[in-house]
Each structure stands twice: as C-alpha cells, then as structure tokens.
Amino acid sequence: MIVIVSPDVAEGSDTYKSLLQYLTQLPKVQTKVHRVTGTEQTLTEIYLLGSTASLDAAEIAAQPGVERVVRVSQEYRVIGRHSDDHRPAGFEYNGVKFNQNNLHIFAGLCAVSTEKHVESMMQALQQHGQQCTRMGAYKPRTNPYAFQGHGKNCLPYVFELAGKYGIKVIAMEVTHESHVAEINQALEAAGKPTGVMLQIGTRNTQNFELLKSVGRQSEYPILIKRGFGITLNESLNATEYLASEGNSKIVFCLRGMKTNMGDPHRNLVDFAHVPVVKRLTRLPVCIDPSHSVGTLTESIDAISDVFHATAQGIIAGANMVLVDFHPEPKAALVDGAQALTLAQLPWFLEDCQIAWQAYERRVALAKSQS
Ligand code: PEP
Ligand code: MN
C-alpha cells in the first residue's frame with residue numbers, strides 16, 4: 001500500500017510527524033519513505049510493507065496530511081502501474097524529459113575509441129539537433145583479452161566535448177559501483193558540462209549488489225537492460241531493486257534475447273514487449289536495435305534490418321532508442337559490424353520520426369474507436 005502525502009505537507013512538519021507515527025503503529029507493517037521527483041512536483045510516498053491486506057484504506061486516507069492511498073499488487077510496487085494509480089510518471093534530467101509519451105534517440109559509440117571519433121560523433125549529433133548520445137567507457141566483454149574500454153581515462157574529454165556540442169545526457173554503462181564514483185569525479189572536475197544516464201548492461205541485470213548501489217544514488221537516472229536469458233518478470237523485478245532503493249528515475253531497455261532461434265540476427269528481437277512493459281510499469285521504454293539485430297544486412301527494400309527493427313519498436317510506442325553509430329566503423333574497437341555511419345544519421349533520424357508519427361496516428365485511431 002502506498003500512502004501519498006499531500007504536496008503542501010513538509011517532511012519536518014507536525015502533520016507529517018503525526019502521520020508517520022500513526023502509520024508506524026499499524027500492526028504487522030513497516031514503513032519506508034520515498035521521495036519521488038516528478039516533472040511537475042516532488043512527492044513524498046510512504047510505503048507500507050508487510051500484511052497490508054487487512055488495513056482499512058479509507059481510514060488511512062482520512063488521516064490529516066494524506067493526499068491519497070493506493071493499494072498495490074505484490075509485484076513491482078514502485079515501478080508498477082496499479083489500479084487507481086494516477087501518480088505522475090516519468091522524470092526530467094538535465095533539462096530533458098523522459099516519459100511514456102515522448103521519444104529520444106541516443107545514437108553514439110558502443111565504445112569510446114579515440115577523442116577524434118567522440119568529437120566527430122558529437123558534432124554530427126549537434127548538427128542534427130540531438131541532445132543525447134551513448135558512449136561506452138566500461139565494456140563488459142565475453143573474452144578477458146578483448147578491449148575492456150578506456151574506463152575513467154576517456155571521461156575528461158568525453159564530458160568536455162559533450163558540453164562543447166550541447167549534449168545533455170550520455171548513456172554510459174557501469175559494471176561496478178566504483179565506476180559511478182569515477183563518473184561523478186570526472187563530471188565535477190569538468191564543471192558538470194553534461195549529464196550521465198547510468199546503464200546496467202544485460203550481463204548485470206541480476207547483479208543485485210550493483211543494482212542496490214546504483215539504486216541508492218539519486219544523482220543519475222538509470223537505464224536498465226533486460227537480461228538476455230531471463231524472463232520479463234525477472235528483469236522487471238531486477239528493475240524494482242533499483243526503485244526500492246529510492247531511485248525511480250529509470251528507463252527499461254529491450255535488447256533482444258540470446259537464443260539461436262533469432263538467427264541470423266545476433267539476438268531474438270523482443271520489441272513486441274514494448275507495449276507490455278508500458279502497461280505493467282510507469283517506466284519509459286527503450287529499445288536497442290543494434291545489440292538485438294547485430295548486423296547491417298539490407299533487405300530487398302534497401303532498408304537494413306537495424307532500421308526495420310527500430311521502426312518496429314517505435315511504431316509500438318518505444319520512448320527511447322539506444323543505437324550504435326561510429327565515424328569509422330572499421331576502426332571501432334567494439335561492435336563495428338553493427339555500427340551505422342555518420343552519413344546515415346539524418347536518414348536514421350527521419351526514419352524514426354516516420355515511425356513515431358505512425359505510432360501517434362495509430363493511438364489517435366484507437367482512441368476514436370472507443
Ligand atoms: C551496450 O549497450 O553497449 C551493451 C553491451 O549492451 P548489452 O548489455 O545489451 O549487451
Ligand atoms: Mn556493443
């Protein structure tokens with residue numbers, strides 16, 4: 001059960017203190033306080049954990065300082081979409097709004113290769129009106145002898161160039177909590193010219209200690225990838241770990257499932273789950289067509305499978321696209337075979353817009369039927 005505190009009740013006030021005291025003495029329940037920073041306002045939510053079935057929701061709702069009471073299903077307490085749940089969804093970070101009704105493209109380098117490549121990428125993004133990108137500094141690799149990413153050494157120039165070219169949010173994978181500290185330090189040292197969305201990779205979806213530590217910090221939003229070999233329910237529970245630790249600025253990313261049934265693609269594209277995740281949770285949903293499809297093979301219509309998969313996800317309502325580009329794919333240190341070129345960037349962006357407009361028309365048509 002979630003008790004939503006009236007926005008005009010300050011946390012230190014007498015009303016708040018008596019409310020918390022009242023809730024704390026309820027039998028067999030524990031309280032956990034969450035502050036939720038939405039686009040419009042910051043809300044305080046008090047979660048009642050334990051045996052809540054026998055509690056009288058109407059009596060709790062009648063207490064001074066209570067705005068509303070929401071009964072939640074057992075699963076996905078924080079990230080879930082519950083009946084009678086009209087809590088604001090989405091968040092704003094560094095001036096960019098993320099929610100279930102808009103679309104952002106994060107085109108960029110799977111792995112940072114050279115400073116020159118980072119600059120060419122960001123310059124092209126600015127030229128085409130983009131404020132977001134992806135830049136891999138810490139790469140989890142299958143083979144221990146493969147390039148592991150430049151790590152903290154590349155952060156100073158990545159952040160400085162992002163500031164120079166007006167990039168507001170960089171999706172960057174972290175595989176250990178020390179990476180968050182390194183990112184923090186480098187951003188501070190550079191004077192915070194940009195922002196970072198911390199990415200949890202598919203290999204770490206169920207790394208619960210990493211999830212807990214990343215969920216405990218509230219500075220950076222989080223992009224969590226679906227685990228490539230676990231059920232959707234397991235991945236959403238992993239996502240709940242982040243939120244239950246206090247950070248609900250989360251985007252959930254579909255990136256394909258690991259199975260030979262997806263051949264000749266690298267993974268089996270799972271973008272039919274976009275509307276499912278939007279229905280089960282209040283999270284914006286991202287798709288990663290590059291890691292799903294993994295090749296740039298063209299079909300008979302001169303459109304590559306990566307473009308097709310992207311359009312399929314967007315036309316189903318995806319809110320974010322994480323996609324690999326590289327100024328010189330042959331010189332890429334990771335995943336060059338799936339990287340689109342800068343010359344293809346305006347084409348890709350326009351193709352995304354076509355799919356998004358088609359999605360909006362489909363929503364309008366559906367609404368006109370009811
Ligand atoms: C990535 O986005 O760079 C990546 C490694 O993706 P995934 O975790 O989905 O394999
Ligand atoms: Mn990759």
Side-chain angles (χ1 to χ4, degrees), residues 104-113 117-118 121 132-144 146-151 154-155 158 169-176 179 183 196-207 210-211 214 220-232 234-236 238-239 242 250-259 262 265-271 273-274 277 285-296 305-306 309-310 313 318 320-341:
H104 295 288
I105 312 296
F106 280 59
L109 309 182
C110 174
V112 170
S113 37
H117 289 147
V118 172
M121 185 72 235
C132 302
T133 188
R134 56 160 296 149
M135 289 283 151
Y138 308 94
K139 300 304 300 177
R141 305 305 302 282
T142 306
N143 183 329
F147 172 65
Q148 305 284 311
H150 289 309
C154 68
L155 301 182
V158 168
V169 188
I170 304 174
M172 183 176 279
E173 179 163 355
V174 291
T175 61
H176 191 271
H179 300 157
I183 289 171
V196 170
M197 183 181 277
L198 302 173
Q199 185 177 323
I200 305 288
T202 195
R203 290 159 189 80
N204 277 312
T205 308
Q206 285 187 313
N207 180 342
L210 179 66
L211 296 176
V214 171
Y220 305 105
I222 308 164
L223 176 68
I224 179 166
K225 296 276 194 102
R226 176 183 190 171
F228 55 22
I230 57 177
T231 63
L232 183 61
E234 286 164 334
S235 287
L236 292 177
T239 308
L242 299 169
I250 305 171
V251 178
F252 185 82
C253 182
L254 297 166
R255 50 81 70 212
M257 304 304 292
K258 198 171 189 62
T259 157
H265 290 160
R266 183 174 175 182
N267 288 288
L268 182 66
V269 181
D270 55 351
F271 300 166
H273 278 167
V274 168
V277 179
V285 179
C286 175
I287 51 166
D288 178 342
S290 304
H291 289 83
S292 298
V293 171
T295 73
L296 295 173
D305 291 7
V306 168
T310 306
M320 176 170 156
V321 178
L322 193 71
V323 56
D324 289 3
F325 272 77
H326 200 284
E328 274 182 90
K330 286 205 168 67
L333 298 174
V334 182
D335 284 347
Q338 67 191 29
L340 296 161
T341 63

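Remember, it's 1-based here, ligands and their atoms both numbered in the order they're listed. These values consider heavy atoms only, across backbone and side chains, with no hydrogens, waters or symmetry-generated copies.
As for H291, its N/O/S atom nearest the Mn ion (ligand 2) is the one called NE2. Of all N, O or S atoms in D335, the one lying closest to the Mn ion (ligand 2) is OD2.
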What's the verdict on side-chain contact (heavy atoms from CB on, under 4.5 Å) for L223 and M320, showing C-alpha distance, side-chain angles and the deciding distance? CA-CA 10 Å; L223 176 68; M320 176 170 156; 3.8 Å; yes
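H291 and D288 form a side-chain donor-acceptor contact under 3.5 Å, judged by distance and modelled atom types alone.
You'll find the side chain of L109 reaches within 4.5 Å of the side chain of P327, heavy atoms only. Within the 4.5 Å cutoff, no side-chain heavy atoms of S290 are placed close to those of D335. Residues P140 and E173 are in side-chain contact: their nearest non-hydrogen atoms beyond the backbone lie under 4.5 Å apart. Counting only heavy atoms from C-beta outward, the side chains of L242 and F252 never approach each other to under 4.5 Å.
Legend: residues meeting salt bridge (Lys or Arg N to Asp or Glu O under 4.0 Å) with R134, ordered by chain and number and at least two apart, are D324.
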Write none if no such pair exists; otherwise list each N/O atom of ligand 1 with its protein N/O partner under 3.5 Å and the distance.
| unit_1 | atom_1 | unit_2 | atom_2 | d |
| --- | --- | --- | --- | --- |
| ligand 1 | 2 (O) | R134 | NH1 | 2.9 |
| ligand 1 | 2 (O) | R134 | NH2 | 3.4 |
| ligand 1 | 2 (O) | Q199 | NE2 | 3.0 |
| ligand 1 | 2 (O) | K225 | NZ | 3.0 |
| ligand 1 | 3 (O) | R134 | NH2 | 2.7 |
| ligand 1 | 3 (O) | K139 | NZ | 2.8 |
| ligand 1 | 6 (O) | K225 | NZ | 2.8 |
| ligand 1 | 8 (O) | T202 | N | 2.8 |
| ligand 1 | 9 (O) | K225 | NZ | 2.7 |
| ligand 1 | 9 (O) | R255 | NE | 2.6 |
| ligand 1 | 9 (O) | R255 | NH2 | 3.4 |
| ligand 1 | 10 (O) | R203 | NH1 | 3.0 |
| ligand 1 | 10 (O) | R255 | NH2 | 2.8 |

